**Q** 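One structure follows; several queries about it will come next.
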Amino acid sequence: MTGKDIKMNKLFSKGENAVVIAIDHGYMDGPIPGMEDIRAAASNIDSCVDAILCSPGMLKNIGSAFDYKGAPIPVVRVNWSTVFCFEWGYTQSKTVQAFSVKDAVALGAEIVLVSCTLQTGSEENDARNVEIFGKLCNEARQYGIPVIGECFPNDCDNISEDAMFDNVLRGTRILAELGADLIKTFYTKDFDKVIRGCPVPVLGLGGHATSNVVDSLLLAEKEIGEGARGVVFGRNAIQRPDPKAYQRALCEVVKHAMDPAEAVRKFHL
């Protein structure tokens, strides 16, 4: 068993599906509701979750979320992309390396996340995004660090259902071929085809927060039901009156196949 295997087994502890809570939004958006105070946001993460996704610079500020036996794994995002700058109206999805894997590991990372956007409308830009993704995957391999490859389509809020499916179907496979150990991406139509076409585990993301709690749990149920090995939820898991209760409900749905409506009742959501 390699160091990478050990870290992957910790994420999928005892063979269960994984729940990752994302609080890295300030890396691209600045402070958003529920995450204005990053320490408070981290304190609102329940110990039932398997990992917390954050930015490298925030690890030193939220170390208490990781420093106890059985704590979530720190997952650190190491590149930066304009694809996430929704408030600024960017549409070119240009990516840069913000941190090295070596620096992220020194800060405490056990897994790194690298995003990659393809079909940006520019061959040069697509190629540059792939170059950065491949470079970071290769560096992570040298340190025995698993890579979550994030397949995030360009201008995702404004593309058709068919375009989203095509981008995710192709993108997840391409990132796996480039060296990702698992994938984070959107739930799409025919999601089972995305799963079958990708040889590494897929984590479904939560996206924008839903006003109805049960709707977000139903999304998680669909993602797992069609073959995802876990979820990465951020705003849906933090922007709640009782974030920890929501996360416990999410863990029951993802890990133990609890009916979402039952989970809402059990945790008084």
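Since the structure is predicted, the reported quantities are computational estimates derived from the model, not experimental observations. Residue indices begin at 1 and follow the sequence shown.
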**Q** Show the nearest heavy-atom pair for residues Ile132 and Val96, with the distance to one decimal.
**A** CD1-CA, 3.9 Å

**Q** For residues Cys156 and Met164, determine if any side-chain heavy atom of one lies less than 4.5 Å from a side-chain heavy atom of the other.
**A**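 With C-beta onward as the side chain, the pair touches.
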
**Q** To check you understand the geometry: which heavy-atom pair defines the closest contact between Leu118 and Asn167, and what is its length?
**A** O-ND2, 3.5 Å

**Q** Going through the distances and angles, do Leu136 and Val112 end up as a side-chain contact (heavy atoms from CB on, under 4.5 Å)?
**A** CA-CA 9 Å; Leu136 288 167; Val112 296; over 6 Å; no

**Q** Which heavy atom in Val76 sits nearest to a heavy atom in Pro56, and how many Å separate them?
**A**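 So the two residues come closest at CG1-CG, 3.3 Å.
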
**Q** Which residues satisfy the ring pair (Phe, Tyr, Trp, His ring centres under 6.0 Å) test with Phe152, sequence neighbours excluded?
**A**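 Counting only residues at least two positions away or on another chain, Phe152 forms a ring pair (Phe, Tyr, Trp, His ring centres under 6.0 Å) with Phe84, Phe186.
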
**Q** Please list all pairs passing the salt bridge (Lys or Arg N to Asp or Glu O under 4.0 Å) test where one or both residues lie in residues 68-81, with sequence neighbours left out.
**A** Asp24-Arg77, Arg77-Glu150

**Q** Applying side-chain contact (heavy atoms from CB on, under 4.5 Å), run through Tyr27 and Met58 and close with a yes or a no.
**A** CA-CA 9 Å; Tyr27 198 42; Met58 289 300 100; over 6 Å; no

**Q** Nearest 0.5 Å please: distance from the CD atom of Gln239 over to the CG atom of Asn44.
**A** 12.0 Å

**Q** Linking Ile, Leu, Val, Met, Phe, Trp and Tyr by side-chain heavy atoms under 4.5 Å, what else ends up with Met258?
**A** none

**Q** Looking only at heavy atoms, which two atoms of Cys48 and Cys251 are closest? And how far apart?
**A** SG-SG, 2.9 Å

**Q** Could you note down all residue pairs passing ring-ring contact (aromatic ring centres under 6.0 Å, His included) where residues 219-269 supplies at least one of them, sequence neighbours left out?
**A**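 Qualifying pairs: none.
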
**Q** Has the side chain of Asp155 got a donor or acceptor atom that lies under 3.5 Å from a matching backbone atom of Thr91?
**A** no

**Q** Do any pairs count as a salt bridge (Lys or Arg N to Asp or Glu O under 4.0 Å) and have a residue in residues 128-138, sequence neighbours left out, and if so which ones?
**A**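 For residues 128-138: Arg128-Glu131.
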
**Q** If the condition is ring pair (Phe, Tyr, Trp, His ring centres under 6.0 Å), which residues does Tyr187 pass it with, not counting sequence neighbours?
**A** Phe191

**Q** Apply ring pair (Phe, Tyr, Trp, His ring centres under 6.0 Å) to Tyr90 and list each qualifying residue two or more places apart in sequence or on a separate chain.
**A** Trp88

**Q** Between Asp259 and Glu262 (side chain of the first, backbone of the second, donor and acceptor by atom type, cut-off under 3.5 Å), is there such a pair?
**A**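 Yes, the answer is positive, given that a donor and an acceptor are paired below the 3.5 Å cut-off.
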
**Q** Judged by atom type as modelled, is there a donor-acceptor pair below 3.5 Å linking the side chain of Asn79 to the main-chain atoms of Ser115?
**A** yes

**Q** Atom CG of Leu169 and atom CG of Asp166: how far apart are they, to the nearest 0.5 Å?
**A**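 Leu169 CG to Asp166 CG: 6.5 Å, rounded to 0.5 Å.
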
**Q** Can you list the residues that meet the salt bridge (charged side-chain N to carboxylate O under 4.0 Å, His left out) rule with Asp50, with sequence neighbours excluded?
**A** Lys255

**Q** Using only heavy-atom distances, determine whether the side chains of Asp67 and Ser64 contain a donor-acceptor pair under 3.5 Å.
**A** no

**Q** Which heavy-atom pair separates Val253 from Pro260 by the least distance, and what is that distance?
**A** CG2-CA, 4.1 Å

**Q** Do His208 and Asp157 come close enough that some side-chain heavy atom pair is under 4.5 Å?
**A** yes

**Q** Which residues, ordered by chain and number, are linked to Met8 in its hydrophobic cluster, where ILVMFWY side chains connect at heavy-atom gaps below 4.5 Å, directly or through other members?
**A**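 Cluster partners of Met8: Leu11, Phe12, Val20, Leu53, Ile73, Val75, Ile111, Leu113, Ile148, Leu182, Leu203, Val232.
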
**Q** Does Glu139 use its side chain to pair, donor to acceptor, with the backbone of Ser100 at less than 3.5 Å?
**A**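 No: the side chain of Glu139 does not pair with the backbone of Ser100.
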
**Q** Does Gly134 offer a backbone N or O that forms a donor-acceptor pair with the side chain of Asn138 under 3.5 Å?
**A**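 Such a contact is found between Asn138 side chain and Gly134 backbone.
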
**Q** Using modelled atom types only, decide if a donor and an acceptor are shared between the side chain of Asp126 and the backbone of Thr120 within a distance under 3.5 Å.
**A** yes

**Q** Taking the side chain as C-beta and beyond, is there a heavy-atom pair between Val49 and Val19 under 4.5 Å?
**A**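 In contact.
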
**Q** Determine whether more than 12 heavy atoms belonging to other residues, nucleotides or ligands lie under 6.0 Å from atom CD of Glu226.
**A** yes

**Q** Assess whether side-chain contact (heavy atoms from CB on, under 4.5 Å) is satisfied between Lys60 and Leu107, documenting all intermediate values.
**A** CA-CA 7 Å; Lys60 64 181 181 292; Leu107 290 166; 5.7 Å; no

**Q** Could you pull out all residues at least two apart from Lys10 that satisfy salt bridge (charged side-chain N to carboxylate O under 4.0 Å, His left out)?
**A**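 Partners of Lys10 under the salt bridge (charged side-chain N to carboxylate O under 4.0 Å, His left out) test: Glu110.
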
**Q** What I'd like to find out is whether the side chain of Leu59 reaches to under 4.5 Å of the side chain of Pro74, using heavy atoms alone.
**A** yes

**Q** Donor-acceptor pair, distance only, cut-off 3.5 Å: does the side chain of Arg229 make one with the backbone of Glu16?
**A**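 Yes: the side chain of Arg229 pairs with the backbone of Glu16.
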
**Q** Not counting sequence neighbours, list each pair that qualifies as a salt bridge (Lys or Arg N to Asp or Glu O under 4.0 Å) and has a residue in residues 235-250.
**A** Asp46-Arg248

**Q** Could you pull out all residues at least two apart from Glu36 that satisfy salt bridge (charged side-chain N to carboxylate O under 4.0 Å, His left out)?
**A** none

**Q** As a quick check of understanding, evaluate side-chain contact (heavy atoms from CB on, under 4.5 Å) for Thr95 and Cys116, giving each step before the final call.
**A** CA-CA 8 Å; Thr95 299; Cys116 187; over 6 Å; no

**Q** Counting C-beta onward and ignoring hydrogens, is there a side-chain heavy-atom pair between Thr117 and Lys94 closer than 4.5 Å?
**A** no

**Q** Please report the interatomic distance CG(Asn125) to CD(Gln92), rounded to the nearest 0.5 Å.
**A**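 Separation between the atoms: 7.0 Å.
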
**Q** Could you tell me the separation between the CD1 atom of Ile183 and the CG atom of Leu205, rounded to the nearest 0.5 Å?
**A** 12.0 Å

**Q** Check whether Glu223 reaches the backbone of Val202 with its side chain - one donor and one acceptor, N or O, closer than 3.5 Å.
**A** no

**Q** I'd like to check Ile238 versus Ile45 (side-chain heavy atoms, cut-off strictly below 4.5 Å). Are they in contact?
**A**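 Contact flag for Ile238/Ile45 side chains = yes.
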
**Q** Measure the CG-CG distance between Leu219 and Leu250 for me, rounded to the nearest 0.5 Å.
**A** 9.5 Å

**Q** When rounded to the nearest 0.5 angstrom, what distance separates CG in Asn212 from CG in Leu217?
**A**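 Reported to 0.5 Å precision, the distance equals 9.0 Å.
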
**Q** Hey, is NZ on Lys189 packed in by over 12 heavy atoms from elsewhere, all under 6.0 Å?
**A**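 More than 12 within 6.0 Å, yes.
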
**Q** Mind checking whether Val101 and Val105 have side chains closer than 4.5 Å, heavy atoms only?
**A** yes

**Q** Looking just at side-chain N and O atoms, do Asn154 and Ser93 make a donor-acceptor pair shorter than 3.5 Å?
**A** yes

**Q** Mind listing the closest non-hydrogen atom pair of Ile224 and Gly230 along with its distance?
**A** CD1-N, 3.6 Å

**Q** Okay, side chain of Ser216, backbone of Thr210: is any donor-acceptor separation there less than 3.5 Å?
**A** no

